[in-house]
Amino acid sequence: MLLRMSTLLLKTLREEPADAEVPSHRLLVRAGFIRRAAPGGYTLLPLGKLVLDRVTAIVQEEMVAAGGQEVSFPALLPREPYDVTGRWTEYGDLLFTVKDRRGVDHLLAPTHEEMFTLLVQDMTGSYRDFPLLLFQIQTKFRDEARTRGGLLRGREFLMKDAYSYDLSEAGLIETYARMRATYQRIFTRLGLEHAIVSAVSGAMGGSASEEFLATAEVGEDTFVGCTVCDYAANTEAVTTPAPPARAVTAPALAVHDTPGTPSIASLVALANERALGGRTDWAASDTLKNVVVTVHHPGREPEVLAIGLPGDREVDLKRVEAVLSPATVTMFDDFDSRPDLVKGYIGPQNLKIRYLADPRVVPGTAWLTGANESGRHATDVVAGRDFTPDGTIEAAEVRPGDPCPACGDGALTMRRGIEIGHIFQLGRRYTDVFKVDVLGTDGKAVRPTMGCYGIGLSRAVAAIAEQHHDERGLVWPATVAPADVHIVAAGKDGQIEAALTLGAALSRAGIRVLVDDRPNVSAGVKFTDAELLGIPRSVVVGRRLDEGYAELRDRRTLERTEVPLADVAGVITRELG
RNA sequence: CGGGUCGUGGCGCAGCUUGGUCAGCGCGCUCGCUUUGGGAGCGAGAUGUCGCGGGUUCGAAUCCCGCCGACCCGACCA
């Protein structure tokens, strides 16, 4: 490959695009890799397309090596299969739907579980056809409420989605493990530093679920790690270690007048002021905060639910929803209709609604909490004596410094990441609804169990840019760079010709070459552009050409070395290994 | 979907409060000459439905209403 900048469709921008905020978006636009074309949609320019193709090739290669077979479905699909699985409605506003000229409903697919499963149903019949691992690389559509970050979150994006079909749980577990290892290889080859975090499986159902997060400050996902062990998890999936139950030593429950204290802060202040229970060292963590939420179970009446947690913690509704999935949860606000729920003064004693408590609320713990009367609170409200929760719930926000649930020794740290991959054991949700049965070795029907494995390819390009840049521009990993070497003809006279001659020689040796052969462009501009474009090595054919020397530059370290022109091909070939 | 900021040549911006030589600046682009190792110099040029639609007015980039779009925060997010 030999690209000449004199004819390449490329325009680098000297100034920052005003509508780009995150580094990857800014640099990809400024360096001429992408250009916005539609709300949440980007045109890949020649250089951007080269990078995406290299990313895609790596993914294809590893998927095939893992036993995957590539297929390709239409992106425009009929409604019916999605009605069968319920996703036409369950997917909600995120689903891009279209009507054809006859008014018939179609959708622009966000994922393809239905189509893959129907294909498997159509083309298999015997245990001999399994296990099966199919994948495709397809444009996916989601009517995102808010697109952001250029390629990071668009309404249209390129995704590799794979689905495995096994006839046994053991087979699924084995396939899942193989895909997990494959993903680690893929992301390592892409140069992406990543964490594998346990995730909740969400509305898709299924048991094991892990997300691959490329660490980046601009990432939308917060995940926790441990200072001691290798635990990593999405905040939704973090479990709280429960302290051991205690013997009841607290005195009997006592009710106090606490006027004007509907908030934890005001309650703690008043409790100390009045020395409730003889104490003046009340802290928010001594109080039990009781929050009322409305749980919207699909197809059922909403449930009003109370959640108890230490008063120094906020409720994290995402964590609550993760537990109660597929139900959605909102804060309850219709206190007028429930005189039994006294806003600001709710206690767990004698509640008429279901009450779930934070795991820290173990039997024997004594709390300062509401007395279920306006302007009154109670001290020494003891779990297991004065109230018994209907269960525990992971509702409290996770904080840095919280104890690690895995090793118990370390503290949790919080970092941000870009979700670039997600794998999970889907189970039989889809094979059940489509009644996919095949004959087993004993002649009896067996229902395959599924795994699902996705990688956002266009997003991965952005994630790579996010992790590999400096103040001068992009710094592509060699594995995905649009070219292996960037030859800069720095000056006048024969330098452009010499650069092109060198480029042709390298190209013949199988090296991807970009030559800056633009006439009448000053060396300074060419150097700046080379640094912005981020091709890992460049060769400057310039002032020492007459002496037979070129200059090699390393984009990452910015190191320069003089090399005899005749040796350039050899040096680069050696570096490429 | 809520809150905020913003839409003016390809890009970055000024002008808007106070309607009337305000359609302007820098970069980029074209042509000529010079220059050529760190975003060159001089000269001459081209490029705008001022996001879209309606309204007010003798007159609207400027005021009013509606819509669309972008970005940020939040909600949402296989």
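Just so it is clear, the values below take in all heavy atoms, side chains as well, and ignore hydrogens, waters and symmetry mates. Chain letters run A, B, ... following the sequence lines, proteins first, then strands; residues in each count from 1.
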Using a strict threshold of under 4.0 Å (side-chain N to carboxylate O), is an ion pair present between [Y] and [X]?
X: A:R543; Y: A:E551; result: no
X: A:D161; Y: A:K140; result: yes
X: A:D143; Y: A:R155; result: yes

When you measure from the side chain of [X], which nucleotide among [options] comes out closest?
X: A:K318; options: B:C73, B:C71, B:C76; result: B:C76
X: A:R36; options: B:G26, B:G37, B:G69; result: B:G69
X: A:A18; options: B:G37, B:A40, B:G12; result: B:G12

Answer with yes or no whether [X] presents, from its side chain, a donor or acceptor under 3.5 Å of a partner atom in the base of [N].
X: A:R153; N: B:C77; value: yes
X: A:E16; N: B:G12; value: no
X: A:R560; N: B:G38; value: yes

Identify whether any heavy atom of [X] sits under 4.0 Å from a base atom; if not, whether one sits that close to sugar-phosphate; answer base, sugar-phosphate or nothing.
X: A:G454; result: nothing
X: A:P110; result: nothing
X: A:G40; result: sugar-phosphate
X: A:R26; result: nothing
X: A:K140; result: nothing
X: A:D529; result: base
X: A:E551; result: base
X: A:N520; result: base
X: A:R553; result: base
X: A:V540; result: base

Taking atom C1' of B:C77 as reference, at what distance in whole Å does atom CG of A:D316 sit?
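Taking atom C1' of B:C77 as the reference, CG of A:D316 is at 15 Å.
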Indicate whether OP1 or OP2 belonging to B:C77 is found under 4.0 Å from a side-chain N or O atom of A:R148.
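Looking at the OP1 and OP2 atoms of B:C77, neither is under 4.0 Å from any side-chain N or O of A:R148.
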Criterion side-chain hydrogen bond (donor to acceptor under 3.5 Å, both in side chains) against A:R26, the qualifying member of A:E21, A:H469, A:E16:
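When A:E21, A:H469, A:E16 are each tested with A:R26, the side-chain hydrogen bond (donor to acceptor under 3.5 Å, both in side chains) holds only for A:E16.
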In dot-bracket, 5' to 3', how would RNA chain B read with Watson-Crick or G-U wobble pairs under 3.5 Å, [ ] for crossing ones and | for pairs to another strand?
(((((((..((((......[...)))).((((((.....)))))).....(((((..]....))))))))))))....
Which atom of A:G421 lies closest to which atom of A:Y183, heavy atoms considered
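The answer is CA-CE2, 4.3 Å.
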